[in-house]
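Okay, structure first, notes after.
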Amino acid sequence: FPAKAPEANKETDAKFAEEYLKKYYNLQTNGRQSRKKGDGPLITKIKEMQQFLGLKVTGILDSDTMEVMHQPRCGFVDAGE
Amino acid sequence: FSTFPGNRGWSKRELTYRIINYTPDMPRSEVDHAIQRAFRVWSDVTPLTFTRVYDVTSDIEISFAAQVHNDFYPFDGPHGTLAHAFAPSSGIGGDAHFDEDETWTSGSNGYNLFIVAAHEFGHSLGLLHSNDPSALMYPTYHYTEPSEFRLPEDDVNGIQSLYGARIT
């Protein structure tokens, strides 16, 4: 069995999450993670999404978060324009 | 619940709708019934009325389309985004679009058109998404047997904040 399969899944999850957050939570990123102290835009948006969806707010793409993000949904954005 | 900032919904209470085209997934009569019933979800608890029109532009134009479809929000193929609708205003405002790449149904084998339409019409009337997982306006799809559907309290409170309650 593959020893490093979870790493590949994490990359796929992160890519999926970024697209999801851009589409539904108005995530704006130039593709680079912030090196400043504190959360970058992606983690901030993950937390915002988790709070909105009634999930535990961790800023991490845990299984509960990924499950909700993979559910079919309305195309309307959850963030203010 | 939440509402569109700065948008107090429709200023009139008598609204019209038109079904521009049909999905081949369901008999037309079932589409008509699902749409009519989805509007009734909201008219049962507010003073709003919905009248179907055929040959003139209506307040809420309903269509099925796939991928790019003349707005800035192309659909994405099966699953993912199921539908979207626009906040109350003239023109495209209030209109509801359903992704034709989905499988629409009046049962549970596919996406139930009544459930999705009722949610989208919430947007057409001025509601944003709710963060209450039991609410109709929660952003993700959850099947409920249509005959057992009751509009959750959060949604009742939301729509009545815009239009008041139906006086019986």
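Quantities reported herein were computed from a predicted structural model and do not represent experimental measurements.
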Are [Y] and [X] connected in a single hydrophobic cluster, I mean Ile/Leu/Val/Met/Phe/Trp/Tyr linked by side-chain heavy atoms less than 4.5 Å apart?
X	Y	value
A:L55	B:Y138	yes
B:F64	B:I115	yes
B:L127	B:Y73	no
B:I159	B:W10	yes
B:L151	B:Y163	yes

Does [X] reach the side chain of [Y], with side-chain heavy atoms less than 4.5 Å apart?
X	Y	value
B:P133	A:L53	no
A:C74	B:Y141	no
B:T81	A:K23	yes
B:T140	A:V68	yes

Surrounding [atom1] of [X] (heavy atoms of other residues, nucleotides or ligands, distance under 6.0 Å), is the total greater than 12?
X	atom1	result
B:E153	CD	no
B:H69	NE2	yes
A:E19	CD	yes

Pick one of side chain, backbone, both or neither for [X], based on which atoms fall under 4.5 Å of a heavy atom in chain A.
X	result
B:S2	neither
B:Y111	side chain
B:E120	side chain
B:H129	both
B:P5	neither
B:L82	both
B:D76	side chain

Handout entry: Distance (rounded to the nearest 0.5 Å) between B:H119 NE2 and A:R73 CZ
Key = 7.5 Å
Completion exercise
To the nearest 0.5 Å, atom NE2 of B:H79 lies from atom NE2 of A:H70 at 12.0 Å
Exercise for the section: Could you tell me whether B:F4 and A:F76 have their ring centroids closer than 6.0 angstrom? Expected result: yes
